[in-house]
Every structure is written in C-alpha cells, then in structure tokens.
There are 2 protein chains.
Amino acid sequence: MAGYGGSSESDKALDRLVRELKRLPGIGTKSATRLAYFILRQSEEYAVSLSQSILAARQRLNMCSVCSNFSEAPVCALCLNPQRTDEILCVVESPADLEAFEKSGKFQGRYHVLHGALSPLDGMDEGKLRIQQLQQRLKSGVVKEVVLATNPTVEGDTTALYIARLIKYNGTKVTRIAHGIPVGGEIEYLDGATLGKALQNRVIL
Amino acid sequence: MAGYGGSSESDKALDRLVRELKRLPGIGTKSATRLAYFILRQSEEYAVSLSQSILAARQRLNMCSVCSNFSEAPVCALCLNPQRTDEILCVVESPADLEAFEKSGKFQGRYHVLHGALSPLDGMDEGKLRIQQLQQRLKSGVVKEVVLATNPTVEGDTTALYIARLIKYNGTKVTRIAHGIPVGGEIEYLDGATLGKALQNRVIL
C-alpha cells in the first residue's frame, strides 16, 4: 500500500506503522491501515501516550515468579493476598481466563497461568508452557486440589490430560471444570457434544 | 480489569495499555486486553518497534499542502507526479479511499482528501472537512472537472451535493461517481473493476 505514484520513499513511516500493526493478532492489512490512519488523525498526544503505554507495559510487566501471571511486582497481588487459600489451585491457559474467573467471584484459591495450550503443530510443546513451574509449586505439598480450567477445546483437553498424568502421582486431587449448559444458554441452540456432557454429568437435586 | 485481589497498584501499566488500545476504532475491552497480552508475550524488541513506528508515523506524516493526503513531504508524491493531469480532480473522504482508486489504476488525475463527510450529528460540519482548501485549489482555473467520489452513503451523498453547489458557479464541470458501487458499500473495500466502472459512468450534476 501507499506506494502509488512512485512515492515509495515518502510514505515509509506509514508503511512501517501498518507493518507493525499487522503483527498484532486478528489485525490484517485493511484493519492495520485503518488503525494507522486513525492514529494519524488524532492529536500527537495520543500517539505519544499510546507508544509510551506499550513500552511501559512491556518493560514493567513480567511473569509473577509464583503463578506466571503478568505482574509489575516479582510476586503478584493475587499470590500475596493472605485471604485466599493455598489448598486449591486453578490452572488456566491465559491471564484473560484468570480474569474471567476472578470476575465471577466464585473462586478463592490460587491460580497458575500456563500461557497457552499444547498444540504441537503450532509449535506449542510442553517446554513452551509453564508446566515445570507448576510441578515445582506442587512439591511443597500445600496444594490439596488442582482444578484444570483449560479451555474445552482439543488443545485445552489435551493439555489438561497431559498435566493430570504428570501431577497425579503425588496424591494431589486433580479435577477438571465441568462441561455443561451455560447459565442463560438455550438448549435449542446448543451442540450435541455439550448436551451429551450435560446429561452425563447431571447432578442429583 | 486487572483489579482483582486488591492489586490496583501493581497492574497500572497493563490497565493503561488496555485503556489506550481501547481508543482505537473497532477495539473494545476484550480486543484491547487480548492485544495487550499479545504485546506482553512478545520480545521487548517488538514493543520498542511498534511504539517507535506509531510515534514516527504521527510525527513525520502531515497533510500534503495541496491535496491534504498524509505525506512525509510538504507536498506529496502524487501531487508532484508530472505524469498526471491537473485537469481532473477526484475528491475523496479518506486516504484509504484514495488508495483504493490508485489500486484500480483507472484514474490519472489529481486527488483531494476531505478527511471525513458531513455529519452534523457527529460534529462533522463543513469547517472540519478540507473544503476550503478545495475551493482555494479550484481558483487557479486549471481544474476542468471535479469528480466527487465520496462514499455512496447519506453522509457521502450530502457532502457531494454540498460541495457541488459550492463549486459549480465558476464553470468547473462537477461530476459524481456512478452507481455501480453498491449503495451502502464502502469504497475502501471495493475491487478495482467496480471502481473503474464507477469512474467511467460518472454523471454531470
């Protein structure tokens, strides 16, 4: 783009911005171009503020040495919170999943963030996930139950099974979040696999 | 977000990044959070490169003093290109529209970028568009025809009519790109053949 009329030299900065924006997930050439023009139309303060926030976030945030969630402190606030129990540990794929659970307010234990799920074809093998750190964490014996809350996808299920086999040996209870009908969902529109699971895992009232 | 467990202090950088990303068009809280986590997972080089490209683009690109398209030089390459005719001028809403016409290869005249369309309810009145600059440009009498190529939307049509009335008095031929463009469609996303037809079938206003 922006190479019209032999102007390849004059629009380098725009081309570079589009190229960098395109590296973001879900952003193609059209979206990147649209975002670039938006940025150009704003005041320079916005460009300064946006670029500073990107740099600051990347430089200040690192993985919490306990749970691997992103944190500005060496150990994150969730891991330091004395009001949460150490006995139950929820293993999630991403910080976004952790946040979803936190928003629900239904979990009072600790978390462990894997930063992905096993997907060998995409180059995601066990070495790229924070599985070793999880094993290390379990060695103290404080954790009584590990809830595997990876996504209900092929990758998430595989990851859950893989981790379950790895950590089961030392007597820790290992559970998987339940499959079922989402609250507020309509049975009519749900897929057979979900309905099958919902029937299979029915609970006595 | 990221305010769980009383950690409001420790995740300021992440919150700020999400807030800045949310200001981009079409990016909501979920997308912004996803982009932020993506940036955090990449090498620091990417964060540096992305933020530099944003700043550089904003600081280096300004509006061309002739056509108002974004350009690093005071006058853009398109306006300086001696192989194009000065006699026909294509008025577009945005730089992306200009690029769409350039990609079609069906137009050899000059452009004028309005940077928007009239939409009083959204605060877009004639003072916010580059209409005065267009009038100034036409004073020399070199331009024999103005093709109004604003989008085929209510705002675009209104803008075309408004400009047509403003500039018609001095004998310049004023045309509107033909319908051939689907009504309600966006120029930026159309193929070159359709855009070529639209230019070819332009009608006198």
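Here the structure is a predicted model, which means the values were calculated and not measured. Chain A is the first sequence line, chain B the second, and so forth, proteins listed ahead of strands; every chain is numbered from 1. Atoms considered below: every heavy atom in the structure, side chains included; atoms not considered: hydrogens, waters and symmetry mates.
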Original post:
Do B/Ile39 and A/Leu24 have side chains that get closer than 4.5 Å, going by heavy atoms?
Top reply: yes
**OP:** Answer yes or no: are there more than 12 heavy-atom neighbours, outside A/Lys30 itself, under 6.0 Å from its atom NZ?
**Re:** yes
Subject >> Main-chain N/O of B/Glu72 paired with A/Lys12 side-chain donor or acceptor, under 3.5 Å >> reply: no
Original post:
What pair of heavy atoms forms the shortest contact from A/Phe38 to B/Arg23, and how long is it?
Top reply: CZ-O, 3.2 Å
Subject >> Inter-chain contacts: residues 40-58 of chain A against chain B, heavy atoms under 4.5 Å >> reply: A/Leu40, A/Arg41, A/Gln42, A/Ser43, A/Glu44, A/Tyr46, A/Ala47, A/Val48, A/Ser49, A/Leu50, A/Ser51, A/Gln52, A/Ser53, A/Ile54, A/Leu55, A/Ala56, A/Ala57, A/Arg58
**OP:** Measure A/Leu21 against the heavy atoms of chain B and call it side chain, backbone, both or neither at under 4.5 Å.
**Re:** both
**OP:** Name the region of A/Arg19, side chain, backbone, both or neither, that has any atom closer than 4.5 Å to a heavy atom of chain B.
**Re:** neither
Original post:
Has A/Arg176 got more than 12 heavy atoms of other residues, nucleotides or ligands less than 6.0 Å from its CZ?
Top reply: yes
Subject >> Close approach to chain B in residues 133-155 of chain A, criterion heavy atom under 4.5 Å >> reply: none
Original post:
Is the NZ atom of B/Lys106 crowded by more than 12 outside heavy atoms at less than 6.0 Å?
Top reply: yes
Original post:
Would B/Glu99 and A/Tyr37 count as having a side-chain donor-acceptor pair, cut-off 3.5 Å?
Top reply: yes
Original post:
So which of A/Arg34, A/Gln59, A/Gln83 has the biggest tally of heavy-atom pairs under 4.5 Å with chain B?
Top reply: A/Arg34
Original post:
Do other residues, nucleotides or ligands put more than 12 heavy atoms under 6.0 Å from the CZ atom of B/Arg60?
Top reply: no
